[in-house]
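First comes the structure, then the notes that go with it.
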Protein chains: 4
Amino acid sequence: MPKVSDDYKERKKASLYESALKCFGEKGYQSTTIDDITAHSQTSKGLFYTYFKSKEELYISLMDERTNHTLSRLNESFKTISSAKEKVHELFSLYKKASLTEEWRNFIRVQIEFWVHSPRLERARDVVTSRYEDLYTGMISRIIEDGKAAGEFKQEIHADVVANLFWAFIDGICMHYSVVGENYAYEAHFKATEEMIMNYILIQPEKQKA
Amino acid sequence: MPKVSDDYKERKKASLYESALKCFGEKGYQSTTIDDITAHSQTSKGLFYTYFKSKEELYISLMDERTNHTLSRLNESFKTISSAKEKVHELFSLYKKASLTEEWRNFIRVQIEFWVHSPRLERARDVVTSRYEDLYTGMISRIIEDGKAAGEFKQEIHADVVANLFWAFIDGICMHYSVVGENYAYEAHFKATEEMIMNYILIQPEKQKA
Amino acid sequence: MPKVSDDYKERKKASLYESALKCFGEKGYQSTTIDDITAHSQTSKGLFYTYFKSKEELYISLMDERTNHTLSRLNESFKTISSAKEKVHELFSLYKKASLTEEWRNFIRVQIEFWVHSPRLERARDVVTSRYEDLYTGMISRIIEDGKAAGEFKQEIHADVVANLFWAFIDGICMHYSVVGENYAYEAHFKATEEMIMNYILIQPEKQKA
Amino acid sequence: MPKVSDDYKERKKASLYESALKCFGEKGYQSTTIDDITAHSQTSKGLFYTYFKSKEELYISLMDERTNHTLSRLNESFKTISSAKEKVHELFSLYKKASLTEEWRNFIRVQIEFWVHSPRLERARDVVTSRYEDLYTGMISRIIEDGKAAGEFKQEIHADVVANLFWAFIDGICMHYSVVGENYAYEAHFKATEEMIMNYILIQPEKQKA
DNA sequence: GATGAATGAGCGTTCATTCAT
DNA sequence: TATGAATGAACGCTCATTCAT
């Protein structure tokens, strides 16, 4: 079955990515075997290795790919929004919405495991540092700065600290949610978190009255 | 005679716990071998299995033990504090202080890995659920309720939500910190987080005045 | 039409032989993969299997072909030489000359590996036995007998023993040379070996005079 | 079954060495599996790895050990012999005697395969170079020099060339023998080779007469 | 009790071979 | 005819666990 279209190969690879994500989420990276992944993808062990150099390479490139993908989707969402405040609100809405699916919780579990592993895997460290550190935090940081410049946010807040905290809170909530499961009132939690952060950064209109 | 023997056994076991924690933090649970642990503890593989039924049992009971220990230390700290607000402040101080040591970051890494694993290990789920859910969150929840009753905190806040968020934030920050390492401005982050939460729960006397 | 096709096929096959020889010499038979060979030949794995039934079949037929080829070249060289002594001298000259090229050392390595493998591969055993035993040794043996009949060589020498030793010495030197590499003074070794053998078989005219 | 005597371990290791040698000779290094070796030694795969870091390490250390062992046995044989000529004769006798056993032919096959592999295995190259180059050839070279000094051997011969050729001839004969098997008249071959070499190096008494 | 030798299931990875296109 | 995707048996190596001493 040779000479196969690039599109076909793309789909094969995507299917392996998806299977890997599923299995990593269910059993963890280390406990997932190549057989698990290929069985889930309905292919053979051998074929796996024409797409990926090793299990580790799959892991890194999977996380890299998903992280990039999420990032560009976030950036996409911001295109039509001009207000910094609205952008922050949009972020919370997106996470609130995403959190509904089991697939999402699965992804979160994989992501966190990847993070915790990352200090021990050189290439993972790169992904975490360059993607998370630079891009994710940078994105929020820029929004905050924009909000400060536009007079929406307080001048005294530190954009970097808020950006870091934003992701720390999101990840903390997601982690708890992914562990606790259905019983976790994630909607109420996201709502309260949004309030806390907005309180912290927004110039409060009621203060004007006083 | 049995007294001495028991004491000796207790120390052996404590030493194995300590070694396990060290290794788990450095290499991860799965990558740590029994040999790693016993070598670090200067004992033999055989002895290990007189103390623990399996590697998994060690894992669970280690985490159980540490979680209990931390919990009682926290409760201890609260004994001399009567105000709810001060208790919350004390919590932040404790975490800020602890974060300084590498040993602590190591523990955080193990803890988070344990959490992420927990949905896949029945006994781990129990520990996480009963210890974290019930005790950790319950402890904060009770403080909040006390604060509400004492007129320190707003009536409209949900104690459970705040308690959950408190741990979610702490864990999120710690996770990022343990991954990012030295460059993470954890003190500034803890400070800002404390402000956000206090803002959210405290009845603000100064606003009334203004 | 079939002529052109056949010619094309012949060239393809020759190219595969050449690539195989190169790779076998560099990495060894077992460590050479079909991919190595086809990549070096710029063809596909599929095509390989239209020319050869298996990797082993290629190995056998490659060695068979090269052995035959070498044999006929040797015989060719003898056509214009009538004296047995000159023929033996020519043999040494040929090997001395050949030894200069890296390509040749490569071939020697492959040949020796093939020999050592041969007791374990039925078909290889055939090639070694029928080609080497019968033809190579036979060729020398006949030259020796001719020399004896012509009064050039001593009557008491055993043609078979000398023929076998001739190849044993050549192979021994070549093997050491192929392992030791550039530092091996192969020319001096060939020269001394020729002297030893000539001394052993030649009727020494000068001794009579003295 | 712990706390086992050093002697016991020594025997275990020796048994693994012996099994490995047997299997390598029969199937070749690459085709021999760890299971082959441990099955022959009646142990388990796991135990193998407490004695050897890897299959390759076993290979190298096996060859190193055998080479050293042979070398010291040769040196031992020379202790009671003072004449250089007698030493050379002793060498031929030893090889003639050894050649009788199938075990010996097996060893030769392994040795030659090791040599041919050696350019591709860094550690093997070391063993071949330092043991063969330095010790084996050096040993013969020194005997030749002694013979020259004692007036037994011709002054014009090059000790190094003769030493190298000695081993080249031995290895060439052994290689052919190990391939051809029972039908190879090794005794006649060794006898003729000894004559050739002796002729080449000895000062001939009959020349004195003339 | 304390040790560490012994076991073997299990996993990542390779590669000769097949065959649909 | 030519390609290279697909397969899966096989192998090197690891490691939790057992148990003889």
Side-chain angles (χ1 to χ4, degrees), chain A residues 1-5 8-9 12-13 30-39 41-59, chain B residues 5 8-9 12 30-39 42-59, chain C residues 5 8-9 12 30-39 42-59, chain D residues 1-5 8-9 12-13 30-39 41-59:
Chain A
M1 198 192 286
K3 275 274 139 133
V4 138
S5 70
Y8 174 88
K9 277 156 95 169
K12 265 262 124 124
K13 195 163 185 176
Q30 307 249 26
S31 301
T32 296
T33 69
I34 305 294
D35 275 333
D36 288 334
I37 297 169
T38 52
S41 241
Q42 306 198 61
T43 30
S44 65
K45 225 199 291 245
L47 194 62
F48 177 92
Y49 284 93
T50 70
Y51 285 96
F52 303 101
K53 239 178 63 256
S54 66
K55 188 183 170 188
E56 188 180 312
E57 201 238 36
L58 157 73
Y59 194 33
Chain B
S5 175
Y8 175 80
K9 273 161 95 171
K12 269 268 131 159
Q30 305 257 19
S31 300
T32 296
T33 67
I34 305 294
D35 275 337
D36 287 334
I37 297 168
T38 52
Q42 309 199 59
T43 25
S44 67
K45 244 196 297 231
L47 197 61
F48 177 93
Y49 280 92
T50 68
Y51 287 102
F52 303 103
K53 228 177 74 258
S54 68
K55 189 185 171 186
E56 188 179 311
E57 200 238 41
L58 157 73
Y59 195 31
Chain C
S5 174
Y8 174 81
K9 273 161 96 171
K12 268 269 129 151
Q30 306 255 20
S31 300
T32 296
T33 68
I34 305 293
D35 275 337
D36 287 334
I37 297 168
T38 52
Q42 308 198 56
T43 25
S44 67
K45 244 195 297 230
L47 199 61
F48 178 93
Y49 280 92
T50 69
Y51 287 101
F52 303 102
K53 230 177 73 255
S54 68
K55 189 183 170 186
E56 187 180 311
E57 201 238 39
L58 157 72
Y59 195 31
Chain D
M1 197 193 285
K3 274 275 140 133
V4 138
S5 70
Y8 174 88
K9 277 155 94 169
K12 265 262 125 130
K13 195 164 185 174
Q30 307 249 26
S31 301
T32 296
T33 69
I34 304 295
D35 276 334
D36 287 335
I37 296 168
T38 51
S41 241
Q42 305 198 61
T43 30
S44 65
K45 221 199 297 241
L47 194 62
F48 176 92
Y49 285 92
T50 69
Y51 286 97
F52 303 101
K53 237 177 66 256
S54 67
K55 189 184 170 187
E56 188 180 311
E57 201 239 34
L58 157 73
Y59 194 32

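In what follows, chains carry the letters A, B, and so on, assigned in the order in which the sequence lines appear, proteins first and then strands, with residues in each chain numbered from 1. These figures come from a predicted structure and were not determined experimentally.
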For this session: Check the distance between dG8(E)'s P and Y49(D)'s OH and give it to me in whole angstrom.
Result: 16 Å
Problem set entry | Length of the line joining I34(D):CD1 and dT7(E):C1', which is rounded to integer Å | 16 Å
Exercise. Checking K55(A) side chain against T32(A) main chain: does a donor-acceptor pair fall under 3.5 Å?
Worked result: yes
For this session: Output the distance between atom OG1 (T50(A)) and atom NZ (K12(A)), rounded to the nearest 0.5 Å.
Result: 9.0 Å
For this session: Could you work out which one of dA5(E), dG12(E), dA6(F) sits closest to the side chain of Y51(A)?
Result: dA6(F)
Exercise. Taking atom C1' of dC13(F) as reference, at what distance in whole Å does atom CD of E57(D) sit?
Worked result: 14 Å
Exercise. 5'-most contact on DNA chain E: T50(B) or Q42(D), nearest heavy atom basis?
Worked result: T50(B)
For this session: For Q30(B) and for Q30(D), find the nucleotide of DNA chain F with the closest heavy atom, then tell me which residue's nucleotide is more 5'.
Result: Q30(D)
Exercise. OH of Y8(A) versus P of dA5(F): gap in Å, rounded?
Worked result: 10 Å
For this session: Measure from CG on D36(A) to P on dC11(E) and round the result to the nearest Å.
Result: 8 Å
Exercise. What's the closest nucleotide to the T33(A) side chain, out of dG12(E), dC15(F), dA5(E)?
Worked result: dG12(E)
Seminar exercise, completed: For dA20(F), the nucleotide meeting Watson-Crick or G-U wobble distances (both under 3.5 Å) is dT3(E)
Seminar exercise, completed: Of T43(B) and K12(D), the one whose nearest nucleotide on DNA chain E sits closer to the 5' end is T43(B)
For this session: Take the protein atom NZ of K55(B) and the nucleotide atom P of dC15(F), then report the distance between them rounded to whole Å.
Result: 8 Å
Exercise. Which is true for T38(C) with a 4.0 Å heavy-atom rule: it touches a base, it touches only sugar-phosphate, or it touches nothing?
Worked result: nothing
Exercise. Has the side chain of K45(A) got a donor or acceptor atom sitting under 3.5 Å from an opposite partner on the base of dT13(E)?
Worked result: yes
For this session: Drop me the distance from Y51(B)'s OH to T38(B)'s OG1, to the nearest 0.5 angstrom.
Result: 13.5 Å
Exercise. Base, sugar-phosphate, or nothing: which does L47(B) touch, judged by heavy atoms less than 4.0 Å apart?
Worked result: base
Seminar exercise, completed: Here the distance between atom P of dC11(E) and atom CD1 of I37(A), to the nearest Å, is 12 Å
Exercise. Reckon T32(C) touches a base, only the sugar-phosphate, or nothing at all at heavy-atom distances under 4.0 Å?
Worked result: sugar-phosphate
For this session: Tell which nucleotide pairs with dG8(F), taking only Watson-Crick or G-U wobble pairs whose two distances are both under 3.5 angstrom.
Result: dC15(E)
Problem set entry | Minimum-distance pair of heavy atoms, taken over all atoms of K53(B) and E57(B) | N-OE1, 3.6 Å
Exercise. Any side-chain heavy atom of L58(D) sitting closer than 4.5 Å to one from I34(D)?
Worked result: no
Problem set entry | Candidates dA6(F), dA2(F), dT17(E) - which lies nearest the side chain of S44(A) | dA6(F)
Exercise. Could you state the CG-P distance from D35(A) to dA9(E), rounded to the nearest angstrom?
Worked result: 17 Å
